Amino acid sequence: MNKKLRNVFEFFKSTLAVNLAASFFVFLFGGLTAFNCSVLTFGFALSLFFKEVNAKNEYVFYFNNQISKMQLWLYSWCFTFVFLAVCSFVLKLIIKLF
């Protein structure tokens with residue numbers, strides 16, 4: 001991977017914990033479909049909000065590496081979508097096998 005993509009992937013990884021934690025509560029009350037929707041919407045937005053509040057200075061690092069805030073968010077959402085698709089596929093495969 002090139003340097004820009006690695007930096008964006010690090011940003012994605014730093015938002016994943018908050019996203020999954022927020023979406024887990026949605027899973028408890030709404031099920032798997034609500035969890036999937038929450039990971040891509042509510043959980044993702046909440047993780048970006050926490051990033052804005054708690055790590056605002058990190059954006060300077062990414063900006064110095066020619067990555068805008070909008071690019072970070074877009075690539076991070078795409079990584080989240082791929083992560084969710086892979087996890088859903090693996091879960092369905094496990095359920096089908098067992």
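In this chain, numbering begins with 1 at the start of the sequence shown. Since the structure is predicted, the reported quantities are computational estimates derived from the model, not experimental observations. All values below were derived from every heavy atom in this structure, side-chain atoms included, with hydrogens, water molecules and symmetry-related copies excluded.
- Under a 4.5 Å side-chain heavy-atom criterion applied to ILVMFWY residues, the cluster that includes Phe49 comprises Val18, Val26, Phe42, Leu46, Phe50, Val53 as well.
- Side-chain contact between Trp77 and Leu40 is present, with at least one heavy-atom pair separated by less than 4.5 Å.
- Contact check for Tyr59 versus Phe11: side-chain heavy atoms found under the 4.5 Å cut-off.
- The closest donor-acceptor contact from the side chain of Glu58 to the backbone of Ala55 lies at 3.5 Å or more, if one exists at all.
- In this structure, Phe63 is not a member of the same hydrophobic cluster as Leu74, with clusters built from ILVMFWY side-chain heavy atoms closer than 4.5 Å.
- Atom CG of Leu97 is separated from atom NZ of Lys92 by 14.0 Å, given to the nearest 0.5 angstrom.
- Note that CD1 of Ile67 and NZ of Lys3 are 9.0 Å apart. Values are rounded to the nearest 0.5 Å.
- The main-chain N or O of Ser47 is never found under 3.5 Å from a side-chain atom of Asn19 such that the two would form a donor-acceptor pair.
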(request) Take Phe83 and Leu20, measure what side chain to side chain contact (heavy atoms under 4.5 Å, CB included) needs, and give me the verdict at the end. (result) CA-CA 11 Å; Phe83 173 76; Leu20 293 178; 4.2 Å; yes
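- You'll find the ring centres of Tyr75 and Phe12 outside the 6.0 Å limit.
- No continuous path of hydrophobic side-chain contacts links Phe44 to Val82 [ILVMFWY only; heavy atoms under 4.5 Å].
- No hydrogens or angles considered: a donor-acceptor pair under 3.5 Å links the side chains of Ser14 and Lys51.
- Taking hydrophobic clusters as Ile, Leu, Val, Met, Phe, Trp and Tyr residues chained together by side-chain heavy-atom distances below 4.5 Å, Leu93 shares a cluster with Phe98.
- Gln71 CD to Asn7 CG: the interatomic distance, rounded to the nearest 0.5 Å, is 11.5 Å.
- Residues Leu48 and Leu72 are not in side-chain contact: their nearest non-hydrogen atoms beyond the backbone lie 4.5 Å or more apart.
- Between Phe9 atom CZ and Leu16 atom CG the span is 8.5 Å, to the nearest 0.5 Å.
- Note on Val90 and Leu84: separate hydrophobic clusters, where clusters join Ile, Leu, Val, Met, Phe, Trp and Tyr whose side-chain heavy atoms are under 4.5 Å apart, directly or indirectly.
- Side-chain contact between Asn36 and Ser88: present, with at least one pair of heavy atoms (C-beta onward) separated by less than 4.5 Å.
- For Tyr62, the OH atom counts as densely surrounded, since its 6.0 Å shell holds more than 12 non-hydrogen atoms of other residues, nucleotides or ligands.
- At a threshold of 4.5 Å between side-chain heavy atoms, the hydrophobic network of Ile, Leu, Val, Met, Phe, Trp and Tyr places Phe29 and Val39 in one connected group.
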(request) Check the pair Phe35 / Phe24 against ring-ring contact (aromatic ring centres under 6.0 Å, His included), numbers first and verdict last. (result) CA-CA 7 Å; Phe35 173 79; Phe24 178 72; 7.8 Å; no
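- The nearest pair of heavy atoms linking Ser38 to Ser23 is OG-OG, 3.1 Å.
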